[in-house]
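Since the structure comes first, as structure tokens, the remarks are kept for the end.
Just so you know, these numbers use all the heavy atoms, side chains as well, and skip hydrogens, waters and symmetry mates.
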Amino acid sequence: YTGCSVEDSEGCPKEPTWQINAVRVVYDPTRERVTYRNANIELFGLPLIPLPGFSHPVGDNGGSGLLVPNLRYDRNNGFEVALPYYFKLAPNRDLTITPHVYTDTLPMLETNFRHLYDRGAYQITGYVTHGRRVATGESPVGTTIADSEKDIRGYLDASGAMQLSPEWSLDGSIRVATDRTFLRRYDISREDRLRSTIGAQRIGENSYFSIRGWAVQTLRLNEDQGLQPIALPEIDYRRRIANLLGQGDVLNVQLNSLAITRTEGQDTQRAFASAEWNLRRITPWGQEVALTAYARGDIYHTSDVLATSVPSYRGDPGFEGRAIAAVAVDVKWPFIGTFLSGTQRLTPRVQVVASPHVRNLDIPNEDARAVDLEDSNLFALNRFPGYDRFEDSTRFTYGLDWAISLPGLTIDATVGQSYRLSSQPSIFPDGTGLTDRFSDIVGRTEIRFRDFVSFTHRYRLDKDSLAVRRNELDA
């Protein structure tokens, strides 16, 4: 048995990537089930995984039964045995119950329920056990196992989506744990914050509307839950107007508002309106020129600013307004030629962005704190990740793209840097690669062999010493 194709595009036989081989295969027409004797999985022609007593139903109906057990070991929990049992409740509903037994900690029960219906789908996953948990809710630092108590411990992860019409949809998720150490204790997740969301959105041909809300549960032992944000509501509307001036240009209009509440911390409300105009042209010499003009007006209100420990995140209390404007010119000049048995493309790129001084520090910073220079935002109009901070002054950004396309092999590489004209101190935090007038050098190289494997290397080099500041490899 195999789920892979056994014929090539010309109809000739070929070996599948994987297949199940057995000494004997028995089909039971009454149970509509196939049973294998002395079976194993072959991968690229090599028998790798034995499957004693393996069987499966025939067709698309499926059936209830034991699934493949999971065996593993880690130094915290010792040996773990997980034996899932699958219940087929209906063609569109199922339930999987998985007991987890450990040698060095108490057992745990996992359940997963899934339901698919005509308008959407949802799933509910739960983990539960009974044991001692350290009282870390709002406890002082230094709480020990002596302060723990026996109680129900667990984690709930539910998510779903519903399509109400071709334009309107609903989605949401709930992620909550009984205590801050459960997920790590049972090696379920290494996340230190859990985010629950609910929202509705409408997607039209040239418009987008969304209203959402979300809340965060912290799992960090020394972090106060009262300082975690609750966003309700977050409203976003966008409209795309094409060919506004009859020149193939595009105008994007956005209206946005956000209200963030904390039970023991700073509260912030924000609203803004923005417009971004873009025009793209190809010159007779083959250069691609993109013009951008951007304008935005903000209004903020914030209170309890002293509850925020970082002064640059606070802003001024009360109402504050801000105006933002920016213009940009982006020029690419691709050169294409033959290389070996394929083609190569070399594309120099230069961008100029100009923006007057922006009153950034008078405004609270809720969504633009995680700043890092990389190839994906090097040529962005604003290299802050959110709306609360905007990069002002004038800067030049320059880079080079190189691409090779050969039969079965493609290579894409990019490298670039920026230079800021202003000598005023930057508001970018240290370590982001953007604090000085010359930025660090960032780049990306992607190698793809057919559709089988690809490697992506991202890096950031110090502008002075070329020391590696970030190095990432994805495969």
Original post:
Can you list the steps and then say if Val250 with Trp277 is a side chain to side chain contact (heavy atoms under 4.5 Å, CB included)?
Top reply: CA-CA 6 Å; Val250 176; Trp277 177 81; over 6 Å; no

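- With contacts defined as side-chain heavy-atom distances shorter than 4.5 Å, the pair Trp168/Phe209 qualifies.
- Judged by the 6.0 Å and 45° rule, Arg369 forms a cation-pi pair with Tyr313.
- Side-chain polar atoms of Ser439 and Gln417 form no donor-acceptor pair below 3.5 angstrom.
- For the pair Asn471 and Leu473, the minimum side-chain heavy-atom distance is 4.5 Å or more.
- Using a 4.5 Å heavy-atom cutoff, the side chains of Leu221 and Thr181 are in contact.
- Looking only at side-chain heavy atoms (C-beta outward), Met162 and Tyr117 come within less than 4.5 Å of each other.
- Between Leu421 atom CG and Ser393 atom OG the span is 7.5 Å, to the nearest 0.5 Å.
- Under a cut-off of 6.0 angstrom, the local environment of CZ in Arg322 is crowded, with over 12 non-hydrogen atoms contributed by other residues, nucleotides or ligands.
- Taking the centre of each ring, Tyr419 and Phe396 stay at or above the 6.0 Å mark.
- Counting only N and O atoms by type, the side chains of Ser426 and Thr435 include no donor and acceptor under 3.5 Å apart.
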Subject >> Arg184/Arg190 under side chain to side chain contact (heavy atoms under 4.5 Å, CB included): CA gap, chis, key distance, verdict >> reply: CA-CA 6 Å; Arg184 286 180 175 267; Arg190 296 291 173 178; 3.3 Å; yes

**OP:** Decide ring pair (Phe, Tyr, Trp, His ring centres under 6.0 Å) for Phe379 and Tyr398; before the verdict, give the C-alpha distance in whole Å, the side-chain angles of both, and the deciding distance to 0.1 Å.
**Re:** CA-CA 8 Å; Phe379 287 91; Tyr398 40 89; 8.7 Å; no

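- Side-chain N/O atoms of Arg175 and Tyr155 include a donor and acceptor closer than 3.5 Å.
- No more than 12 heavy atoms of other residues, nucleotides or ligands sit less than 6.0 Å from atom CD1 of Ile174.
- Open room surrounds CD1 on Ile198; 12 or fewer heavy atoms of other groups in view lie less than 6.0 Å from it.
- The pair Glu391-Arg383 meets the salt-bridge criterion, with a side-chain N (NZ, NE, NH1 or NH2) lying under 4.0 Å from an Asp/Glu carboxylate O.
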**OP:** Output, in order, the C-alpha distance, side-chain angles, deciding distance and verdict of side chain to side chain contact (heavy atoms under 4.5 Å, CB included) for Arg437 and Ser423.
**Re:** CA-CA 7 Å; Arg437 298 177 70 179; Ser423 59; 4.1 Å; yes

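- Salt-bridge formation is detected for the pair Arg460/Asp372: a Lys NZ or Arg NE/NH1/NH2 atom is positioned less than 4.0 Å from an Asp or Glu carboxylate oxygen.
- Residues Glu191 and Ser189 bring a donor and an acceptor atom of their side chains to less than 3.5 Å of each other.
- For the pair Arg359 and Glu320, the salt-bridge criterion is met [side-chain N within less than 4.0 Å of a carboxylate O].
- Using a 4.0 Å cut-off between a side-chain N of Lys or Arg and a carboxylate O of Asp or Glu, Glu223 and Arg180 do not qualify as a salt bridge.
- For Phe452, the CZ atom sits in a loose shell: 12 or fewer heavy atoms of surrounding residues, nucleotides or ligands are nearer than 6.0 Å.
- In this structure, Leu279 and Gly248 approach most closely via the heavy-atom pair CD1-C, 4.2 Å.
- Phe335 does not carry Arg345 over the face of its six-membered ring by the limits of under 6.0 Å from the centre and within 45° of the normal.
- Here the closest non-hydrogen pair linking Ile427 and Arg389 is CD1-CD, 4.0 Å.
- Under a 4.0 Å N-O distance rule, the pair Arg458/Glu374 does not qualify as a salt bridge.
- Checked against the 6.0 Å centroid threshold, Phe455 and His457 do not count as a close aromatic pair.
- Electrostatic pairing of Arg212 and Asp171 counts as a salt bridge here, judged by a charged N lying under 4.0 Å from a carboxylate O.
- Salt-bridge annotation for Glu446 and Arg448: present, with a side-chain N of the basic residue lying under 4.0 Å from a carboxylate O of the acidic one.
- Heavy atoms only, all atoms of each residue included: Pro385 and Ala370 are closest at CG-O, 3.2 Å.
- The two residues Leu434 and Arg420 have their closest heavy-atom pair at O-NH2, 4.5 Å.
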Original post:
Going through the distances and angles, do Phe272 and Tyr387 end up as a ring pair (Phe, Tyr, Trp, His ring centres under 6.0 Å)?
Top reply: CA-CA 9 Å; Phe272 73 77; Tyr387 298 111; 4.8 Å; yes

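- Taking the charged nitrogens against the carboxylate oxygens, Arg470 and Glu472 do have a contact shorter than 4.0 Å, which makes a salt bridge.
- Gln266 and Thr308 share a side-chain donor-acceptor pair at under 3.5 Å.
- Atom CG of residue Asp412 and atom OG1 of residue Thr445 lie 9.5 Å apart, to the nearest 0.5 angstrom.
- Arg238 has its side chain out of reach of Asn252: every pair of non-hydrogen atoms, C-beta onward, lies at least 4.5 Å apart.
- For the residue pair Tyr208 / Gln201, a side-chain donor-acceptor distance below 3.5 Å is found, with atom types taken as modelled.
- Heavy-atom minimum distance, Asp440 versus Leu373: O-CD2, 3.6 Å.
- For the residue pair Glu276 and Thr292, no side-chain donor N or O sits within less than 3.5 Å of a side-chain acceptor on the partner.
- The shortest non-hydrogen separation linking Arg314 to Ser309 is NH2-O, 3.9 Å.
- With salt bridges taken as basic N to acidic carboxylate O contacts below 4.0 Å, one links Asp388 and Arg270.
- One finds the CG atom of Leu406 at 7.5 Å from the OG1 atom of Thr343 (value rounded to the nearest 0.5 Å).
- With Arg349 as the fixed residue, the salt bridge (Lys or Arg N to Asp or Glu O under 4.0 Å) test singles out one of Asp401, Asp375, Asp330: Asp330.
- A side-chain N or O of Asn112 and one of Thr125 form a donor-acceptor pair less than 3.5 Å apart.
- Gln123 CD to Arg114 CZ: the interatomic distance, rounded to the nearest 0.5 Å, is 9.0 Å.
- Annotation: side chain of Arg220 is in contact with side chain of Arg193 (closest heavy-atom distance under 4.5 Å).
- Side-chain contact annotation: Thr397 with Ser418, donor-acceptor N/O pair under 3.5 Å absent.
- You'll find the side chain of His115 reaches within 4.5 Å of the side chain of Asn92, heavy atoms only.
- Heavy-atom contacts from other residues, nucleotides or ligands closer than 6.0 Å to CH2 of Trp402 number 12 or fewer.
- At least one side-chain heavy atom of Leu183 sits under 4.5 Å from a side-chain heavy atom of Leu194.
- Salt-bridge annotation for Asp436 and Lys463: present, with a side-chain N of the basic residue lying under 4.0 Å from a carboxylate O of the acidic one.
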